[in-house]
2 protein chains.
Amino acid sequence: MAKAKYQAVADEIRKRILSKIYPTKTLIPDQNTLAKEFGVSRMTVKKALDGIAREGLIYKQSGLGTYVLGDISIKTANDSPADAFNGLTEQQGAERVTSDVIDFSVAFATKDLQAKLDIGANDPVYNILRLRRLEGEPFILEHTFMPVKLVPDLTLSILKSSIYDYIHHELKLKFGGAYRKIHASLPTELDIAHLNATATEPILEVEQIVWLTTGQNIEYSTSRNLFNKRSYTVLDINNI
Amino acid sequence: MAKAKYQAVADEIRKRILSKIYPTKTLIPDQNTLAKEFGVSRMTVKKALDGIAREGLIYKQSGLGTYVLGDISIKTANDSPADAFNGLTEQQGAERVTSDVIDFSVAFATKDLQAKLDIGANDPVYNILRLRRLEGEPFILEHTFMPVKLVPDLTLSILKSSIYDYIHHELKLKFGGAYRKIHASLPTELDIAHLNATATEPILEVEQIVWLTTGQNIEYSTSRNLFNKRSYTVLDINNI
DNA sequence: TAGTGGTCTAGACCACTGT
DNA sequence: CAGTGGTCTAGACCACTAG
């Protein structure tokens, strides 16, 4: 299937911005000019620019034009976006990530999990505790709960590689969204045992609910790492 | 100035979702029906629905319809969104927030600040250290750097209330965006002195660059709080 | 005043879903 | 098959910015 026109236009404009054909802090051509150049209607150009503006690359001002914004000074290549659905294996590369499965069991949902996953008391839930390693080094301690009915036939070998890969490519399920809470916290016994945390070392934790496009909750999880191993980043574009 | 039609339509649909006129986990009327009801074109309805979908309230699927999604189980009224531009006084209410100004000085930009704020070596920069209190209790230790040329005539009395209020309403400047990094970290001497942190208590820090719609960087800051006083939340809608 | 982006329309074709 | 949302067009009017 061919790409939508507005996507193709957006890709080209993005490329021109990144390659400085449209230099930083200058105006790019107006929407009518771009529409003529690409042979599309102005609405299509506008839709392309809307997307690029949401990414923080440009700023449009009515009556004035469309600016190219500069690079973000504190952004680095290693940043971990707090709004990303790809799992660790996709983010870091499958060859760099390995997983120790510390616990893999099934039980009926507790009251707490019934509320968090929006399921009944008789729904079985996977309880998965994994230590994710980066280049062999302990990196993230991930505690995941998933309803069995949404993710059938989970196996140890899937847990050793990538659950998300299984969900997307085998089960053909699509994530609709996620809600995440980022905490700092004290180390637990598990952090000390598996992340090699000292008794007082700060831990950064992401607690999240993930749901499918159908609205069903597929995951409740916590991901914990040593304070100096990872931060999370958020790009926030103002749209008032 | 009147609200845009698509905004009015979005407001009405949002209201119907929240009041369960369009119940959770059901389909809402199709776009053509809504267009007729509101007396607008289908494109306008679609634009309204696009916005609501980005907020995580609905999910649209081509060929099927538009679902109302359920409430988010781990979301609470106290959550602090990591993507919000309103300062603490707006978030918590001006009457609940007070500020101790610990340091307020001006100096030429250091190398580090020149890079972070994208300014020259001879540009003066405000150095502002404030303890923000909530209901009198120490809450957040905020260290802010702003170029003097963008925020002239800052005074102690402005620092005691709200800098953002001054920037928006007096200087008539608009924020274009922000890039934030969320860290866990060890307490510093300042945290111990002002937040009453113990020597080993985890601290949650947000480091951010804020820029204007013109692309100029107006702020580099860090905001630190005790690990059990505040978390940050992110709503992430998948759009693939 | 001329040029910009924002909004809006009526109608069209498409890919996809369910029955 | 009929119905859904996604895309796209050509043209129009508006509010805003600049010189």
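Throughout, a chain's letter reflects where its sequence line sits, starting with A, and its residues are numbered from 1.
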> Is the CZ atom of B:F108 crowded by more than 12 outside heavy atoms at less than 6.0 Å?
Replying inline: no
> From D:dA12, C:dT9, D:dG5, pick the nucleotide closest to the side chain of A:R42?
Replying inline: D:dA12
>> Need the pair for D:dG19. Rule: Watson-Crick or G-U wobble, both distances under 3.5 Å, any strand; none if unpaired.
In response: none
>> How many whole angstroms separate atom NZ of A:K46 from atom C1' of C:dT4?
In response: 13 Å
>> Quick check: on DNA chain C, is the nucleotide nearest A:T66 upstream (toward 5') of the one nearest A:M43, or the reverse? Name the residue that is more 5'.
In response: A:T66
>> Under 4.0 Å from OP1 or OP2 of C:dT7: is there any side-chain N or O of B:Y6 that close?
In response: yes
> Hey, does the side chain of B:S19 reach the backbone of B:K15 with a donor-acceptor pair shorter than 3.5 angstrom?
Replying inline: yes
> When the distance from NZ of B:K36 to P of C:dT9 is rounded to whole Å, what number comes out?
Replying inline: 15 Å
>> Check this one for me: any side-chain N or O of B:S62 less than 4.0 Å away from OP1 or OP2 of C:dC16?
In response: no
>> Heavy atoms only, 4.0 Å cut-off, all strands: where does B:K47 land among base, sugar-phosphate and nothing?
In response: sugar-phosphate
> So, B:E207 and B:Y179: side-chain donor and acceptor under 3.5 Å apart, yes or no?
Replying inline: no
>> Nearest whole Å is fine: how far is D:dC14 P from A:Q61 CD?
In response: 21 Å
>> Rounded to whole Å, please give me the gap between CG in B:D30 and P in C:dC16.
In response: 20 Å
> With a 6.0 Å cut-off on ring centres, are B:H168 and B:Y166 close enough?
Replying inline: no
> In terms of the nearest nucleotide of DNA chain D, which residue is placed more toward the 5' end: A:V40 or B:N32?
Replying inline: B:N32
> Hey, are B:S231 and A:H183 close enough side-chain-wise for a donor-acceptor pair under 3.5 Å?
Replying inline: yes
> Taking CG from B:L64 and C1' from D:dA2, how many angstroms apart are they, rounded to a whole number?
Replying inline: 14 Å
>> Nearest whole Å is fine: how far is C:dC16 P from B:Q31 CD?
In response: 17 Å
> What's the NZ-P distance between A:K60 and C:dT7, to the nearest Å?
Replying inline: 8 Å
>> Tell me the interatomic distance from A:Q7, atom CD, to C:dC14, atom P, rounded to whole angstroms.
In response: 20 Å
> B:S41 side chain: which of D:dT4, C:dC8, D:dC13 is closest?
Replying inline: C:dC8
